[in-house]
Amino acid sequence: MDCLFCKIIDGEIPCSKVYEDEKVLAFNDINPVAPYHILVVPKKHFASIAEVSDKDMGIVAHIHSVINKIAIDEGFSNAGFRIINNCGEDGGQEVKHLHYHVLAGKKLPLYEAEKK
Ligand code: AMP
Ligand code: ZN
C-alpha cells in the first residue's frame, strides 16, 4: 500500500524511533512544532480514527497507555503534554494512516477550539 507511515513501520523509510511494541510504533515528527513532537501510530493500517470499528477500538486505549509510558520515560509526564488526532479534510489530516501527535516540552499555545 502506498502509505508513508506503513513504509516507516516496514522500515522502508527511516524514522527516529522513540518506542515500539508489537502493536504500535512511536517516532519523532520530521517537522516538530514543540520541543517534543512524537507521533504514535498503530502498526495495523487504519486510514483515520473514523475508520476504526468498535471491535478494533482497543488499539486506541493501547495508544494512550503507550503515550503515558513515553511521557514518563521522556520526563514530561508531570509538566504535561497534549495529544492531537487530526481526522479527515476539515480536521487537517495529511497522512492517511491513524496517528496521534504528542506535544510537550513547553507551554503550548491555545488551540483552535479554545479561541473565542
Ligand atoms: P497530520 O497533518 O495530522 O496528518 O500529520 C502528519 C505529520 O506527519 C506532520 O506533523 C508531518 O510533519 C509528519 N511527517 C510527515 N512525514 C514524516 C516523516 N517521514 N517522518 C516523520 N514525520 C513525518
Ligand atoms: Zn498505513
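Whatever order the structure lists ligands and atoms in, that order sets their numbers, starting from 1. All residue numbers in this chain count up from 1 along the given sequence.
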Where does the angle between the aromatic ring planes of H101 and H37 fall among parallel (under 30°), tilted (30 to 60°) and perpendicular (over 60°)?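 Answer is tilted, since the angle falls between 30° and 60°.
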For the Zn ion (ligand 2), which N, O or S atom of H97 is at the shortest distance?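 In H97, the N, O or S atom with the shortest distance to the Zn ion (ligand 2) is ND1.
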The Zn ion (ligand 2) - closest N/O/S atom in H45: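 Output for this pair reads ND1.
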Could you go through ligand 1 and note, for every N or O atom, any protein N or O atom closer than 3.5 angstrom, writing the atom names and distance to 0.1 Å, or 'none'?
unit_1	atom_1	unit_2	atom_2	d
ligand 1	2 (O)	G92	O	3.1
ligand 1	2 (O)	E94	N	3.3
ligand 1	3 (O)	N86	ND2	2.9
ligand 1	3 (O)	H99	NE2	2.8
ligand 1	3 (O)	H101	NE2	2.8
ligand 1	4 (O)	E94	N	2.7
ligand 1	4 (O)	V95	N	2.8
ligand 1	4 (O)	H99	NE2	3.1
ligand 1	5 (O)	H99	NE2	3.2
ligand 1	5 (O)	H101	NE2	3.3
ligand 1	10 (O)	D29	OD1	3.3
ligand 1	10 (O)	D29	OD2	2.5
ligand 1	12 (O)	D29	OD1	2.5
ligand 1	22 (N)	I30	N	3.2

Quick one, [X] and [Y] - any side-chain contact, counting heavy atoms below 4.5 Å?
X   : Y   : result
V60 : M57 : yes
D56 : F46 : yes
V41 : V95 : no

Considering non-hydrogen atoms only, spot the tightest contact between H97 and P42 and give its length.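 That would be NE2-O, 2.9 Å.
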Heavy-atom pair of closest approach, residues I70 and V18: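 Nearest heavy atoms, I70 then V18: CG2-CG1, 4.0 Å.
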Distance only, no hydrogens: is a donor on one side chain within 3.5 Å (strictly under) of an acceptor on the other, for N86 and H99?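 The criterion, which ignores hydrogens and geometry beyond distance, is not satisfied for H99 and N86.
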Apex the Zn ion (ligand 2) - arms SG from C3 and SG from C6 - angle rounded to 10°: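 Nearest ten degrees: 120°.
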